[in-house]
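All of these numbers come straight from a predicted model, not from anything done at the bench. Residue numbers begin at 1 in each chain, while the letters A, B, ... track the order of the sequences.
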Protein chains: 2
Amino acid sequence: MKSSENMLIQKGIRPTAMRMLILEYLEKQLAATGLSDLERNFERGDRITLYRTLKTFEEKGVVHKIIDGSEEAKYAVCFEDCYEHHHHDMHAHFKCKICHETFCLRNSIRQSVVPAGFSVDEISLVAYGVCPRCKK
Amino acid sequence: MKSSENMLIQKGIRPTAMRMLILEYLEKQLAATGLSDLERNFERGDRITLYRTLKTFEEKGVVHKIIDGSEEAKYAVCFEDCYEHHHHDMHAHFKCKICHETFCLRNSIRQSVVPAGFSVDEISLVAYGVCPRCKK
DNA sequence: GCAGGCTATGCAACCGGATTGCATTTCTAC
DNA sequence: GTAGAAATGCAATCCGGTTGCATAGCCTGC
Ligand SMILES: [Mn+2]
Ligand SMILES: [Mn+2]
Ligand SMILES: [Zn+2]
Ligand SMILES: [Zn+2]
């Protein structure tokens, strides 16, 4: 059994052919991936199916959504233990204004960015600038 | 001369009646404000005018935009020195899942959230959870 | 004060991503 | 194998956000 298949089953997702292909594709990506990117790479699959696949993956804790201020939402495979309807992706993201890619940064946000009195479930952090590769 | 009028002139914005009203309204708010909120509170003003006012304010450094993952973008008056097309709002935001309000937090973000090699222009940080007031 | 020119406003239309409804196909459990 | 549940495909819709254009308003130079 493929590792992608196994992963989906563990997360309570029926491992259809399309879903496995999409998961394997997402796992290969260095940058976060949007729906339009999937559309280009899975012309066989219907746009809506791709959309719903991402949504299911997100709900079940396979990927997390990144709102980077571009036209569309991006998604990246979770690297912490995320479960159904429960992400804990306390890490930052970086959107490069040169290559327009959005990356997950593994540094976890440990310092208290929020004053006492607030209880934090989740954090969305996107930094904007130039990535090391584009910085020449 | 009103302080709102003065503020607009300093930022290179013609201080029309509507703009001053909107700025004064925004300055009163504790939470970030979206277009639909303005629509409700300025029924006299056209939706598009309100939209363009926010856009102008943002471009000229009067307010900053906050993408908090809700349906619409929110705006809050800048409290650092922001200039035309140049914001430096390195501060966090907090969106409460009970009252659904989004607040600016004055804590400035230490830049250590991003590894060496990246150059950071701007940071968007939104924490999600429960605000002190809703925590009983 | 007045005319000309630039800016702001109002209205209508459009756009693109996100989302939903429903019929059909595919898969899983028995 | 069959019945029921889930996934898929296709069409339609929603809804912020955005733009084009005509009109009204403001500021300037004369
Ligand atoms: Mn990430
Ligand atoms: Mn803010
Ligand atoms: Zn780059
Ligand atoms: Zn609250």
> For B/I9 and C/dA8, what is the distance between atoms CD1 and P respectively, to the nearest whole Å?
13 Å
> Quick one: B/L50 CG to C/dA8 C1', roughly how many Å, whole number?
13 Å
> Could you state the CZ-P distance from B/F42 to C/dA8, rounded to the nearest angstrom?
18 Å
> Are the side chains of A/L26 and A/L54 in touch, meaning some heavy atoms are under 4.5 Å apart?
yes
> Take the angle between the ring planes of B/F79 and B/H91 and call it parallel below 30°, perpendicular above 60°, tilted in between.
tilted
> Counting only side-chain N and O atoms of A/T49, is one of them less than 4.0 Å from OP1 or OP2 of D/dG9?
yes
> Under 3.5 Å, is there a donor-acceptor pair between the side chain of A/K11 and the main chain of A/G61?
yes
> B/F42 vs B/Y25 aromatic rings, parallel, tilted or perpendicular, using cut-offs 30° and 60°?
perpendicular
> Could you write nucleotides 14-26 of chain C as a row of B, S and -, 5' to 3', where a protein heavy atom under 4.0 Å of any base atom gives B, of only sugar-phosphate atoms gives S, and otherwise -?
---SBBBB-----
> Do side-chain atoms of B/H87 reach the backbone of B/E58 as a donor and acceptor pair under 3.5 angstrom?
yes
> Between B/K2 and B/E24 (salt bridge meaning N to carboxylate O under 4.0 Å), is one present in this structure?
yes
> Is the phosphate of D/dC26, meaning OP1 or OP2, less than 4.0 Å from a side-chain N or O of B/T16?
no
> Could you state the atom-to-atom distance from CD of B/E43 to C1' of C/dG10 in whole Å?
16 Å
> C/dA8 C1' sits how many Å from B/M18 CE, rounded?
11 Å
> Round to a whole Å and report the spacing from CE of A/M20 to C1' of D/dA7.
13 Å
> D/dT8 phosphate, OP1 or OP2: any side-chain N/O from A/R19 under 4.0 angstrom?
yes
> Yes or no on side chain to side chain contact (heavy atoms under 4.5 Å, CB included) for A/L50 and A/L35, after CA distance, side-chain angles and deciding distance?
CA-CA 7 Å; A/L50 298 172; A/L35 181 56; 3.7 Å; yes
> Please give, in whole Å, the distance from D/dC27 C1' to B/E5 CD?
14 Å
> How many Å lie between CD1 on B/I13 and P on D/dC27, as a whole number?
15 Å
